[in-house]
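Heads up: the structure comes next, in structure tokens.
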Number of protein chains: 2
Amino acid sequence: MSIMETPSACVHHLTHASTCGDQPWSPQRRERDPLSFATDDFTCLDEVDLFADLSPAEMEGLEQMVPERRFGPGELVFSQSEPVSALFVLKSGRVRVFRVAEDGKTLTLAILEPGAVFGEMLLVGQRMYENYAEAIEDSVICQLTVEDVERHLIADPRIALRIAKLLGDQVARLEERLTDLALRPLAARAAKTLLTLAESAPTTALSARLGHGGTIRITHEQLAGLLGATREGTSKVLSEFAAQGYIRQARGRITVKDSQGLRSTARTTS
Amino acid sequence: MSIMETPSACVHHLTHASTCGDQPWSPQRRERDPLSFATDDFTCLDEVDLFADLSPAEMEGLEQMVPERRFGPGELVFSQSEPVSALFVLKSGRVRVFRVAEDGKTLTLAILEPGAVFGEMLLVGQRMYENYAEAIEDSVICQLTVEDVERHLIADPRIALRIAKLLGDQVARLEERLTDLALRPLAARAAKTLLTLAESAPTTALSARLGHGGTIRITHEQLAGLLGATREGTSKVLSEFAAQGYIRQARGRITVKDSQGLRSTARTTS
DNA sequence: GCAGGTCTGCAATCCAGCGCACACTCGCGC
DNA sequence: GCGCGAGTGTGCGCTGGATTGCAGACCTGC
């Protein structure tokens, strides 16, 4: 099933976007392969610390009515034509949350790993008009409807506190990124971002065995989206990092070799 | 009393900051004039919607133990040498929350008007290591200690929800600013910011009588700090706006004349 | 009403990073 | 294993905006 057959994935509000499948900001659309999905590692709501305070019985109750959807690479999880009406939990795969300018350029707000929650703004009455989310790999996503949320979560003080913490972290991260973007050169931002990614996408058992500790799965273009820079500029600084021995590069993969070197680069101001 | 006599206002951690009162990021320090403080318009906790759900009795209880402090222009409310250990409520005056880079350049995160709450990150376990806050006018600020907060607020589900909403709004604003900074030219950001300021600092009875609706009290330099740009660059675009008739300028004051014109400028992408 | 500091205007110069173009090469899919 | 497309290296002109330096205009306090 091609995503082209999913009309709701189209975005009709973009000024310069004429036809579906021709989105300048989503070049890597592919056919979907239903066989390659990961098996269910955990039920939707386990392992998500938003719900950590719930009793097993309560979890049970919630889980019953949580539908689960699958998305192929490039497929939109939500957009303006399909506005957020639910809280999403990423079960497997990876999702990119981003914004689009009128001229088609994008900024990536976050690249989410399994276990992440998104669409949280809905919980506090925000609308998220402007945000898009797309799968960048085959992904399985649970979604709680607004009603689920309102009835079971908002009312619960334990959950409300968790939500506040979640949002607090996010505020801190955003403030950091904002000041970095304003005050630091590209190289510094790139170094910092690599360090962050390297520790947030932690070493799996497999990658550790292969000596790939600190390996990030990301393309230059995706990284550029996070940095608020062009692909070319990003490639440039990455080459320099590689030349310095700070990192090693492969296609769609970057391995941090000298985090200390990156750290000092991250501190430069101009 | 000069702020020079307030040792705790000094910042010793900045790389290039040698002496107090010589902070490159805080050029407008002045003597403090105790007579010019506004009178108490409202008690600390009224009018702050964070506490809107509390009963009058509860409010009473809280208010009793809320100390109140006064700050003169340029005086630091908190900084790295005096880290956040409280929740602040701005009663009167105006406060700038900002960050400082190693080379002394700053980015303003927010300019707060009376009734605003800040230091909220503390509520959710964030540290705010990097944030500074300074009064830009004579200001009166109430501060709840950590203990006040933990005992009376965190536990209360109504408050927790308010906090979540507060942080949610903040996330939305930050995401917006981040994408604007990354994807939009200075002129567009400036226009947008002016519009936001014009409506967030609403028309007072006095200014309405004087026909000053939509007047913002801000210097080019302060605006530049918000935009992540230089004073010169900001002055340039403001001159252009004035030439277009979008705004009228006076010292430390900008009046929006043609919000429609600004809106269209704000939409430009490059 | 005078003095000093703040705020704003202006111009010349410089430069990081963008835009564009293209060549290459890796590796996935067939 | 072969081919094609996604991912990457590179160069160069261009430009938005930073930098620097200064000059005048406006307040505010004395």
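Heavy atoms only: backbone and side chains are in, while hydrogens, waters and symmetry mates are out. Here is how names work: the chains are called A, B, and so on, in the same order as the sequence lines, proteins then strands, and each is numbered from 1.
With the nearest nucleotide of DNA chain C identified for both B:Ala250 and A:Arg189, B:Ala250 has the one nearer the 5' end.
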Using a cut-off of under 3.5 Å, enumerate the N/O to N/O pairs linking the protein to nucleotides 23-27 of chain D.
residue	atom	partner	partner atom	Å
D:dA25	N3	B:Arg251	NH2	3.3
D:dC26	O2	B:Arg251	NH1	3.2

In a table with atom names and distances, give each donor-acceptor pair under 3.5 Å that connects a side chain of residues 223-232 of chain A to protein atoms at least two apart or in another chain.
residue	atom	partner	partner atom	Å
A:Thr230	OG1	A:Gly233	N	3.2
A:Arg231	NH1	A:Ser235	OG	3.1

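Evaluation of the salt bridge (Lys or Arg N to Asp or Glu O under 4.0 Å) rule for B:Arg217 yields B:Glu137 as partners, not counting sequence neighbours. Listed by chain and residue number, A:Arg263 satisfy the side-chain hydrogen bond (donor to acceptor under 3.5 Å, both in side chains) test with A:Ser259 (two or more places apart in sequence, or in another chain). Judged as a side chain to side chain contact (heavy atoms under 4.5 Å, CB included), and not counting sequence neighbours, the contacts of B:Glu240 are B:Lys236, B:Val237. Judged as a side chain to side chain contact (heavy atoms under 4.5 Å, CB included), and not counting sequence neighbours, the contacts of A:Ser264 are A:Arg267. In this structure A:Ala172 satisfies the side chain to side chain contact (heavy atoms under 4.5 Å, CB included) test together with B:Met121, B:Gln126, sequence neighbours excluded. Residues satisfying the side chain to side chain contact (heavy atoms under 4.5 Å, CB included) test with A:Ala250, not counting sequence neighbours, are A:Arg253. In terms of the salt bridge (Lys or Arg N to Asp or Glu O under 4.0 Å) criterion, B:Arg189 has no residue partners (sequence neighbours excluded).
At a non-hydrogen distance threshold of 4.0 Å, A:Arg231, A:Glu232, A:Ser235, A:Ser239 from residues 227-241 of chain A come into contact with DNA chain D.
Comparing the local axis fitted to the first five base pairs of the helix from C:dG1-D:dC30 to C:dC30-D:dG1 with the one fitted to its last five gives a bend of 60°, rounded to 10°.
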